[in-house]
Amino acid sequence: MATTFTCGPSVSDARRKGAKLVVIDPYRTRTAACADWYLPINPGTDGALALGMIAVIINEGLHDADYVAAHTVGFEQLRQKVQEYPRND
């Protein structure tokens with residue numbers, strides 16, 4: 001599955017308000033060219049990156065626990081699953 005995103009008005013508005021656009025993609029796309037920060041990962045590694053980011057968010061308590069409790073299903077299973085993938089810090 002590929003997603004395409006261009007630097008539209010909502011991104012421009014957010015950037016004027018101080019937001020940064022981060023693009024993670026193995027290919028330097030038009031969107032990547034607009035980015036404040038472009039991370040050229042290897043093809044097929046996006047899943048590992050996502051698991052690592054999820055682990056950091058959970059382990060460092062960076063998520064909204066009240067929101068997660070009220071609006072998600074399976075969070076505890078996710079918490080356990082991401083611990084199975086060691087990070088190389």
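Computed from a prediction, not measured in an experiment: that's the story for all the values here.
Linking Ile, Leu, Val, Met, Phe, Trp and Tyr whenever their side-chain heavy atoms come within less than 4.5 Å puts Ile41 and Trp37 in one cluster. Connection of Val82 to Met53 is not established within any shared hydrophobic cluster, with ILVMFWY side chains joined at heavy-atom distances below 4.5 Å, either directly or through further cluster members. At a threshold of 4.5 Å between side-chain heavy atoms, the hydrophobic network of Ile, Leu, Val, Met, Phe, Trp and Tyr places Leu39 and Val23 in two separate groups.
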Compile the donor-acceptor pairs under 3.5 Å between side chains in residues 13-22 and protein atoms, sequence neighbours left out, one pair per line.
from  : atom 1 : to    : atom 2 : distance (Å)
Asp13 : OD1    : Arg16 : NH2    : 2.3
Arg15 : NE     : Asp36 : OD2    : 3.2
Arg15 : NH1    : Cys34 : O      : 3.0
Arg15 : NH2    : Cys34 : O      : 3.1
Arg15 : NH2    : Asp36 : OD1    : 2.9
Arg15 : NH2    : Asp36 : OD2    : 3.2

Side-chain donor-acceptor contacts of residues 68-78 below 3.5 Å, not counting sequence neighbours, with atom names and distances?
from  : atom 1 : to    : atom 2 : distance (Å)
Thr72 : OG1    : Val68 : O      : 2.5
Glu76 : OE1    : Arg79 : NE     : 3.2
Glu76 : OE2    : Arg79 : NE     : 3.4

(Q) Please determine whether side-chain contact (heavy atoms from CB on, under 4.5 Å) holds for the pair Ile24 and Asp46, giving the CA-CA distance in whole Å, both sets of side-chain angles, and the decisive distance to 0.1 Å. (A) CA-CA 8 Å; Ile24 302 168; Asp46 53 330; 5.9 Å; no
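For Val56 against Leu62, the heavy-atom pair with the smallest separation is O-CD1, 4.3 Å.
The side-chain heavy atoms of Gln80 and Gln83, taken from C-beta on, include no pair separated by under 4.5 Å.
Identified under the salt bridge (charged side-chain N to carboxylate O under 4.0 Å, His left out) test for residues 54-67, with sequence neighbours left out: none.
No donor-acceptor pair closer than 3.5 Å links the side chain of Tyr38 to the backbone N or O of Thr29.
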